[in-house]
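Scroll down for the structure; my scribbles are underneath it.
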Amino acid sequence: AQSVTQPDIHITVSEGASLELRCNYSYGATPYLFWYVQSPGQGLQLLLKYFSGDTLVQGIKGFEAEFKRSQSSFNLRKPSVHWSDAAEYFCAVAPYNNNDMRFGAGTRLTVKP
Amino acid sequence: DTAVSQTPKYLVTQMGNDKSIKCEQNLGHDTMYWYKQDSKKFLKIMFSYNNKELIINETVPNRFSPKSPDKAHLNLHINSLELGDSAVYFCASSPGTYNEQFFGPGTRLTVL
């Protein structure tokens with residue numbers, strides 16, 4: 001069955017520490033891949049996306065993600081977390097076109113001072 | 001300028017009532033969507049519209065009906081509201097396939 005998995009429901013990191021949020025997908029072919037961030041009480045904002053080409057993609061707010069076909073993963077990273085990064089992060093995939101976008105369950109990030 | 005806007009932001013109503021949520025995008029996008037986010041933050045697509053044609057209709061109760069008067073608007077009508085309809089509803093738009101979706105701020109619906 002097609003699925004998007006974010007294994008970590010909640011992650012806590014200290015401000016200034018590095019961050020990696022995991023995302024795995026299960027689809028027949030390489031889908032289009034996205035990471036969105038949702039701040040409390042807000043809508044979703046796109047951080048970055050991967051369609052093709054370079055497997056390391058840069059996004060806004062200092063985030064990057066790496067697509068690994070062999071692992072069916074698209075993990076999100078940031079070298080140094082800021083307190084304002086505390087939010088809910090969603091991985092999303094669109095297997096054939098954008099109209100069928102599926103979201104993972106989300107990872108809530110808490111940043112300790 | 002707000003790209004994707006929704007009204008109202010909060011909606012509290014009684015079971016059995018009929019309500020509507022409005023969505024407007026000023027991005028000139030061709031496709032608009034409605035998502036439901038439950039209390040556990042799980043996002044599920046409900047509908048998408050492309051040039052006034054329904055593209056996706058997930059297994060959503062027929063009490064929910066999208067209405068698109070023009071390309072810039074996609075309203076969500078809900079009849080006979082139930083407790084389980086309580087959630088945050090997000091509208092989104094996209095310039096077309098193979099592009100990201102732009103989300104509105106959400107409408108928190110509470111059914112009492």
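Labels below follow one simple rule: chain letters A, B, ... track the order of the sequence lines, proteins then strands, and each chain is numbered from 1.
- A:L33 and A:I60 fall within a single hydrophobic cluster, where Ile, Leu, Val, Met, Phe, Trp and Tyr side chains are chained together by heavy-atom contacts under 4.5 Å.
- If you measure heavy-atom distances from B:K40 to chain A, the contacts under 4.5 Å come from the backbone alone.
- Rounding to the nearest 0.5 Å places CZ of A:R102 at 12.5 Å from CG of B:L43.
- Looking at A:L46, the atoms closer than 4.5 Å to chain B (heavy atoms on both sides) all sit in the side chain, from C-beta outward.
- Other members of the cluster containing B:L112 are B:V12, with ILVMFWY side chains joined at under 4.5 Å, either directly or via other members.
- Taking 4.5 Å as the heavy-atom cut-off, the residues of residues 104-113 of chain A that approach chain B are A:A105, ordered by number.
- We find the CZ-CD distance between B:F90 and A:Q38 to be 4.5 Å, quoted to the nearest 0.5 Å.
- Atom CG of B:N62 has 12 or fewer neighbouring heavy atoms from other residues, nucleotides or ligands inside a 6.0 Å radius.
- For the pair B:Q37 and A:F103, the minimum side-chain heavy-atom distance is 4.5 Å or more.
- For residues 68-93 of chain A, a heavy-atom distance under 4.5 Å to chain B picks out A:E88, A:F90, given by residue number.
- In this structure, the ring of B:F103 has its center less than 6.0 angstrom from the ring center of A:Y36.
- With side-chain heavy atoms closer than 4.5 Å counting as contact, directly or through intermediates, the hydrophobic cluster containing B:Y89 also holds B:L11, B:M15, B:I21, B:M32, B:W34, B:M46, B:F47, B:Y49, B:L54, B:V60, B:F64, B:L74, B:L76, B:I78, B:L81, B:L83, B:L109, B:V111.
- Of the inter-residue distances, the one linking B:E100 atom CD with A:Y32 atom OH reads 13.5 Å to the nearest 0.5 angstrom.
- Remark: A:L56 CG is packed, more than 12 non-hydrogen atoms of other residues, nucleotides or ligands lying under 6.0 Å away.
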